[in-house]
Undergrad: 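Here it is: the structure, laid out below.
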There are 2 protein chains.
Amino acid sequence: MILGLLTRCKYVRLFKMNKENLKKVGLKTTLPRLKILQLLEDNKNNHLSAEQIQRTLANDNQDIGLATVYRVLGQFEKAGLVIRHKFDEESFVYELDRGNHHDHMICVKCNVVVEFVDQNIEDRQKEIASQHGFIITEHKLNIFGFCNKCK
Amino acid sequence: MILGLLTRCKYVRLFKMNKENLKKVGLKTTLPRLKILQLLEDNKNNHLSAEQIQRTLANDNQDIGLATVYRVLGQFEKAGLVIRHKFDEESFVYELDRGNHHDHMICVKCNVVVEFVDQNIEDRQKEIASQHGFIITEHKLNIFGFCNKCK
DNA sequence: GTCCGTGCAAAGGATTTGCATAATC
DNA sequence: GATTATGCAAATCCTTTGCACGGAC
């Protein structure tokens, strides 16, 4: 009961927040946008593809056209709400942009994603870049392997 | 004259080597394969896409179908002769596999690619992986930015 | 009521594949 | 001569786009 209440409270708050977030970036409050945003919040550890998002929402009785999913994700990316990655060579995956840069370690079997930051690695990259006269705009470090469960 | 002779010698040697390399991996010696292999040797610092390879060879009066370029590159990759990368989200680029692992720094303007290895970074990755119980199978570190000339 | 969002179907671009012809060994 | 390569066109996959309708403000 209490848990249910807390959970409900949490979602009411989340819903309001998301509504405001959308307004802030100039996007109208629509069900597809709210649902996709919420799904990304709930899946902090999974990086989802457009198709996964569509399927998941369909299972939750929210049928949203794939084109809409792509469009919404594109708008979110432009607005700085989400980040788009391409880990494998299949399709893009999306995660909420919480403003904290990090790199990724991906299980090649179950696709679980671990985020990490290592100041040492960050610093070495800057040194290497400056040695070659490069000005870094971005970097991507992806480690692939077998996670604890899959190895 | 002497230079011409040396150059010719170099190519004769290269040609023989490539012929043997192809035989070694069970591929027949054909002009498309030899030309593509040679082009990749000559472009040690550029990572070429299938289309660039086709265009370059066409300019050299070697018209090869794009499908063949893709097929040959695929066979080369399977045979361990080349490595395939996806730096931007446009198309794959290919480089000869010389067996020396390295990471890449790519100019976002002129697309020049600098290869580098940093033992420090390599070591930190292993530590991070083991902290999370991961067994690394592969990693990709790409640094993007402006090179010395383009900045 | 205006403007923006959605769904559907069609287009798009890079890569792959099927099939008949042509080359290698 | 048998087997493997090639070229062309068609197919494929994920993603984007055009257009008519419906919903937000």
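Each chain gets a letter, A, B and so on, in the order its sequence line appears, and its residues count up from 1. Computed from a predicted structure; not experimentally measured.
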Undergrad: Rounding to an integer number of Å, can you tell me how far B:Leu57 CG sits from D:dT6 P?
TA: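 Value for this atom pair: 12 Å.
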Undergrad: Round to a whole Å and report the spacing from CD of B:Gln52 to P of C:dT15.
TA: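 The distance from CD of B:Gln52 to P of C:dT15 comes to 11 Å, rounded to the nearest Å.
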Undergrad: Under 4.0 Å between any heavy atoms, over every strand shown, what does B:Glu90 touch: base, sugar-phosphate, or nothing? Just pick one.
TA: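 Result for B:Glu90 = sugar-phosphate.
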Undergrad: Could you state the atom-to-atom distance from CD of B:Gln62 to P of C:dA23 in whole Å?
TA: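 My rounded result for the distance is 14 Å.
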Undergrad: In whole angstrom, give the distance that lies between atom CG of B:Leu22 and atom P of C:dA23.
TA: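 Spelled out: CG on B:Leu22 to P on C:dA23 is 18 Å.
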Undergrad: Quick one: does any side-chain atom of A:Gln54 pair with a main-chain N or O of A:Gly65 as donor and acceptor, under 3.5 Å?
TA: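 Side chain of A:Gln54 to backbone of A:Gly65, a donor-acceptor pair under 3.5 Å: no, none is there.
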Undergrad: Do A:Leu141 and A:Phe116 have side chains that get closer than 4.5 Å, going by heavy atoms?
TA: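 Yes, at least one pair of side-chain atoms sits under 4.5 Å.
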Undergrad: Taking the side chain from A:Lys151 and the backbone from B:Gly133, do they hold a donor-acceptor pair closer than 3.5 Å?
TA: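 Yes, the answer is positive, given that a donor and an acceptor are paired below the 3.5 Å cut-off.
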Undergrad: Go through the steps to decide whether B:Leu40 and B:Val82 satisfy the test side-chain contact (heavy atoms from CB on, under 4.5 Å), and finish with yes or no.
TA: CA-CA 9 Å; B:Leu40 288 169; B:Val82 310; 3.7 Å; yes
Undergrad: Whole angstrom is fine here: how far is it from CG in A:Leu66 over to C1' in D:dT17?
TA: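 That distance rounds to 13 Å.
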Undergrad: Nearest whole angstrom, please: distance from the P of C:dA10 to the OH of A:Tyr70.
TA: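 To the nearest whole Å, that distance equals 19 Å.
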Undergrad: From C:dT6, C:dG7, D:dT6, pick the nucleotide closest to the side chain of A:Pro32?
TA: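 For A:Pro32, the side-chain atoms sit closest to C:dT6.
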Undergrad: Does the protein touch nucleotides 18-25 of chain D at the base, only the backbone, or not at all? Give it as B, S and - per nucleotide, heavy atoms under 4.0 Å.
TA: B----BBS
Undergrad: Taking A:Glu51 first and then A:Arg55, would you say they form a salt bridge - that is, a charged N and a carboxylate O separated by under 4.0 Å?
TA: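 Salt bridge present between A:Glu51 and A:Arg55.
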Undergrad: In terms of ring plane angle, is the pair A:His85 and A:Phe87 parallel, tilted or perpendicular, where the classes change at 30° and 60°?
TA: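 It falls in the parallel class, under 30°.
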Undergrad: So, the side chain of B:Arg33 versus the backbone of B:Lys28: is there a donor-acceptor pair under 3.5 Å, distance only?
TA: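 Here the side-chain-to-backbone pair exists.
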Undergrad: Can you tell me how far C1' of C:dT6 sits from CG of A:Leu34, to the nearest Å?
TA: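 Going from A:Leu34 (CG) to C:dT6 (C1'), I get 15 Å.
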Undergrad: Starting from the first five and the last five pairs of the helix from C:dG1-D:dC25 to C:dC25-D:dG1, work out the angle between the resulting helix axes, to 10 degrees.
TA: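 Comparing the first five pairs with the last five, the axes sit 30° apart.
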Undergrad: How would you list, by chain and number, every residue that makes a salt bridge (charged side-chain N to carboxylate O under 4.0 Å, His left out) with A:Arg124, sequence neighbours excluded?
TA: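 Per chain and number, A:Arg124 pairs via salt bridge (charged side-chain N to carboxylate O under 4.0 Å, His left out) with A:Glu127, B:Asp118.
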Undergrad: Rounded to the nearest Å, what distance is computed from the CD atom of residue B:Glu89 to the C1' atom of nucleotide C:dG12?
TA: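 Answer to the nearest Å: 17 Å.
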Undergrad: Can you see if the side chain of B:Ser91 gets near the phosphate of C:dA14 - specifically, an N or O under 4.0 Å from OP1 or OP2?
TA: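 So the side-chain polar atoms of B:Ser91 never come under 4.0 Å of the phosphate oxygens OP1 or OP2 of C:dA14.
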Undergrad: Assess whether a salt bridge exists between B:Glu122 and B:Lys126, defined as any Lys/Arg side-chain N lying under 4.0 Å from an Asp/Glu carboxylate O.
TA: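 Answer for the salt bridge query: no.
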Undergrad: On DNA chain C, does the nearest nucleotide to B:Thr68 precede the nearest nucleotide to A:Val72 from the 5' side, or the other way round? Give the residue.
TA: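 This one resolves to A:Val72.
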